[in-house]
Structure formats: structure tokens, C-alpha cells
**Student:** 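This structure is in C-alpha cells; I'll ask about it shortly.
Please read all numbers here as calculations on a predicted model, not as lab measurements. Whatever order the structure lists ligands and atoms in, that order sets their numbers, starting from 1.
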Amino acid sequence: MTIRLRLTLWYTALLGTTLILFSVTVYSSLAANLRSQLEQSAATQARNIADAVIQQVQGDVVVIRTSADTVFFPQVELFASSFGAQLIDINGEVVKRSENLGDIPIPKQDGTLQHILAGDDDHYYFISQDGDAFLVYTVPLVINSEVVGAIQIIQSVTTAVTALTQVNRYLILGTAISIILAAIVGAFLARRALAPIDTITETASTITRTRDLGNRIDIPDNASEVGRLAGTFNDMLDRIQRLFQAQERLIGDVSHELRTPLTTIQGNVELMQRMAATPVGNGNIDLKAVAGLFQESLGEVQAESERMNKMISDLLLLAQADSGALQIHMAPVEMDTLLLDVYRQARRLVERYKGRTDALDIRLGSEDQAVVLGDRDRLHQVLVNLVENAVKYTPEGGTITLSLENKDGWVKIGVADTGIGISMEQQEFIFERFYRTDKARSREFGGSGLGLSIALRIAQAHNGKITVASKLQEGSTFTLWLPEAHEASGDAQLDLKNTVIV
Ligand code: ADP
């Protein structure tokens, strides 16, 4: 069942129930009111006649019992137009009737005599053969505390019944018309309210059909619930589109990045195959030189394989971070100690990239003490990456300064170099995957442009960030910002330990 139909049905059912309840209440209170008015007026008439009869017989009970002729029915004709009256004895036998009754019979009803003998009033309604409705009201005739008979009033209630039937008919008709109107209006309103959902469905199916993620839902009323749904849907589309584009870019970048080392490996393998195919008996071949060439080719194959291996591990790590599966084991980390470790490692990096340890001057700047809550290995990885970059992009004779500042709740670890620097325009992109200001130079050092994006993801996983300040030909300063861990000591430190997945 569609929501539109469901809403219409609910709306109609609710309004219908309310109207029916209202009609039933109106009708029953009107009927009860009318009945009580009719019964009260009949009771008064009957009592008046009873009083008049009692006065006439002046306590002579026998008069009532014996002769109808001795009792004069006073002025009952006065009410002739709407009332008729009769005097009955305690056996229910008619003793006297008012003239206007003629010989119209008043049907008896079980229980009337019991009520009368008990001294109570009694009343009932009946419908005559002509279809007219009548009320019969009976009051006991009490003389000297003894019930000697009763006065019965018969009154036509046809007008009241007709009026009630009319009211009933109008109420039923009104309710039925209102329910039909409610159904029509409800269907219209539901259609109007849900129309934007059709737009959303259409847009979604167009996107599925045409695979064009650039489509957006155009709903002007942003404040309504459906408008907000459309807004959320559009935001989601933005995100999916960005992810899709990023994925396409990534696939392009990865295949491009992998092609370069693969081509080198292929070239070297082919070279070695050719050398191996050359007949050994040829006196012109310098075996030592061939062995050297083999060595060189194998070295290149190994270096490129390592590069590919590292790139794949880096990509895996980034994919884990993207999918929320990167594990970070949180524990208090003394950043000053960690910085000293990295400082010592920096010398080895200088040797690796520049060939000798004294090619660059590695210094320690401000050395505050600081504890952060984080994953020591991952933070170590970030700092080594920053130092490695500083070493790679600083020419011989340059200086690299490591510093640690603990201020305003932030622990800031700076890696400053006097290297080639990064232009303002390029600073914007260096944290993007595979971005390198100078591809050739980066490749020369085995870089793939993934280091900074990984470092940034790790910093973010620690609720931190990485900022860069740089000037071309003057140098760069990368700063890792981490929130300082709140004071903790002894056992309390253990409580800080936990693992988060980012
Ligand atoms: P790579 O593996 O190429 O070093 P990164 O993601 O670590 O990749 O760095 C991205 C790019 O940012 C580098 O290719 C380089 O152009 C630039 N870069 C990073 N650090 C420095 C630095 N200290 N000095 C100059 N350029 C840098």
C-alpha cells in the first residue's frame, strides 16, 4: 500500500470517527432531552388529574372501585388536542376514559401494575397500527396511603419522533458527505505533500540509468521535512561524486605510478636476457664487465621492487584509514623521548640519502617536555617521514632543526629545514596522494608522494594536524600538532590506554 493511500485512509478514518462520535453524541443527547421533556409534561398532567379525582371522592375508596359514573373526569377535554386520560383500577381495568380518547385502545404493558402498586410512576412508548408514536404515562392514585387505581395519560409523540428522525437523517448525510470530502481533500493533500518524494525517486533512477552523478534534486522548500531529505540526498551525492572522482584519480595515479617501476624492471630483465643469450665462447666478451652489468640490473630490479612494495603498503594503509579500519593503539607517549629517538635516526637518514652523515647539520631546538595520548609507532612514523623529507629536499650543507613546544594544550613538534622550499600554490596540494612538486627529484629518492598524506591521516587520527610554512629556496617548516594528554600518573595512566579504530 502506498504512503499516499495510507495517509488518505488515516485522515479519512480519523475525521469519519470524529464526525460519527459527534453525531451520535448530538443525537442521543437531543433524544434524551426530548424524552425527558415529554415525560415530565405527561407526569404533570397525570398528577393534576389524579389530584382532581382524589378531591372528588374525598377519601371514599369504594367510589373508585364501584362505579365509573360517580367519578367526574375534570376538564380533561382541555387537553384534548394532545392528551387523552383514563382511570384504571388496581387490576388494570379501565374505569373511566376522557372523551377525546373515544374508543382508541391504550395497549397494556407488563410491569405497569407492579410499579403502580408499589406507588411508583410508570411510562412506556408504543407505535399504533397507523404508525403513530405514543407515550403512556401512569401515576398511581393514592387515597389514605392506599393505591386504589391509577391515572394514565396517553400523548402523541409523533412530531418529536419525526423531528428526531429528521435530525438523524441530516447527521448521517452530513457525516457521509464530510467523509467523502475528507477522502478527496486528504488524497489531494497527501499527493501534494509527497510530490517531492517522486522528484527524489525520479532523480535517483535517472542517476542509476545515466550514471551521471552530477544530477541534483531541485526542491525549493528547504525547511520542510522532504526538503531536508532532498538536501541530505544532495549532500550524499556530493560526497559520493567526490569519492568516485577520488577513486578514479587514485586508480589512474596507481596504475601510472606502478607502470614506471615495472617498465624499469622489464627493461632490466630484457637486458639480462640478452646478455645471457650472448654465446660465452666469444672471446670479445669481458666476463667481469658482464657480471658488473648483471649486478647493476639486479640492483635496479631490487630497488624498483622495493619501491613498489612500499607504495602498495602505503596505499593499503591509506585504504585502511579511508575505510575506518586503521588501528591506533592509544597510550601515553613521552614526545620528548620520541623526538630524541628521531633525532638520532636523522643522522642515519642523512647518510642514506646524502652518502655521509655530516652532509647536513641536524640540530635540536626548544625541547619542552610533553605527553600525548597516541600510538607511539605511528607518531614515530610521522616524524621520521617529516625528517626524511627534510633530508631529501635540503641540499648539502643545509640545516635541519627538530623542536618540541608544549603550549596552550598543544604539543607542537617542528621539523625545519633550509631546503628547496615549496611555493604557496603547491603547499595547498602536498598532502594529497601522489602529489609531488618535482616528480623527478622525488623519484630519485624513491618517493611516491604518499608520505605526507599518510602522515596527515595519522595526525588526524590523534585529533591533531600538520601545518606547513615554507618559502622557495629558503626552506620549510612542517609542524605536527597534537593535543596534550591530561595529567595522569601511576595507575591512572593505564586507564588512558585503549585502542581506537580510525
Ligand atoms: P614524497 O614521497 O614525494 O616525498 P610526500 O608526500 O612525503 O611524498 O611529499 C609530497 C611532496 O611534498 C614531495 O614530493 C615534495 O615535493 C614536497 N615536500 C615534502 N616535504 C618537503 C620539504 N621538506 N621541502 C620541500 N618539499 C617538500
**Student:** If the contact criterion is a heavy-atom separation under 4.0 Å, does Phe431 count as touching ligand 1?
**Tutor:** no

**Student:** Backbone or side chain, does any N or O of Gly421 fall under 3.5 Å from an N or O of ligand 1?
**Tutor:** no

**Student:** Using a plain distance cutoff, I'd like to know if Gly451 has any nitrogen or oxygen under 3.5 Å from a nitrogen or oxygen of ligand 1.
**Tutor:** yes

**Student:** Answer yes or no: is there an ion pair linking Glu257 with Arg436, defined by an N-O contact shorter than 4.0 Å?
**Tutor:** yes

**Student:** Taking all atoms of both residues into account, what is the closest heavy-atom pair of Leu38 and Ala160, and its distance?
**Tutor:** CD1-CB, 4.0 Å

**Student:** Can you tell which of Asn389, Ile454, Val387 gets a heavy atom nearest to atom 19 (C) of ligand 1?
**Tutor:** Asn389

**Student:** Would you check, one step at a time, whether the test side-chain contact (heavy atoms from CB on, under 4.5 Å) holds for Arg4 with Asp198?
**Tutor:** CA-CA 11 Å; Arg4 192 175 300 158; Asp198 284 342; 3.2 Å; yes

**Student:** Would you check whether Gly419 reaches within less than 4.0 Å of ligand 1, judged by its heavy atoms?
**Tutor:** no

**Student:** I'd like to know if Lys407 and Glu484 make a salt bridge, using a cut-off of under 4.0 Å between side-chain N and carboxylate O.
**Tutor:** no

**Student:** Give the atom numbers and elements of ligand 1 that come within less than 4.0 Å of a heavy atom of Gly449.
**Tutor:** 1 (P), 2 (O), 3 (O), 6 (O), 8 (O)

**Student:** Taking only heavy atoms of Thr437 into account, list the atoms of ligand 1 that are under 4.0 Å away from them.
**Tutor:** 14 (O), 15 (C), 16 (O)

**Student:** Looking only at heavy atoms, which two atoms of Thr357 and Arg347 are closest? And how far apart?
**Tutor:** CG2-O, 3.7 Å

**Student:** For ligand 1, is there an N or O atom under 3.5 Å from any N or O atom of Arg436?
**Tutor:** no

**Student:** Give the numbers and elements of all ligand 1 atoms closer than 4.0 Å to a heavy atom of Lys392.
**Tutor:** 1 (P), 2 (O), 4 (O)

**Student:** Taking atom types as modelled and ignoring hydrogens, do the side chains of Arg216 and Gln241 form a donor-acceptor contact shorter than 3.5 angstrom?
**Tutor:** yes

**Student:** Is the shortest distance from a Lys or Arg side-chain nitrogen in Lys310 or Asp314 to a carboxylate oxygen in the other one below 4.0 Å?
**Tutor:** yes

**Student:** Given that the side chain starts at C-beta and the backbone is N, CA, C, O, which of these parts of Asp417 lies under 4.0 Å from ligand 1, counting heavy atoms, or is it both or neither?
**Tutor:** side chain

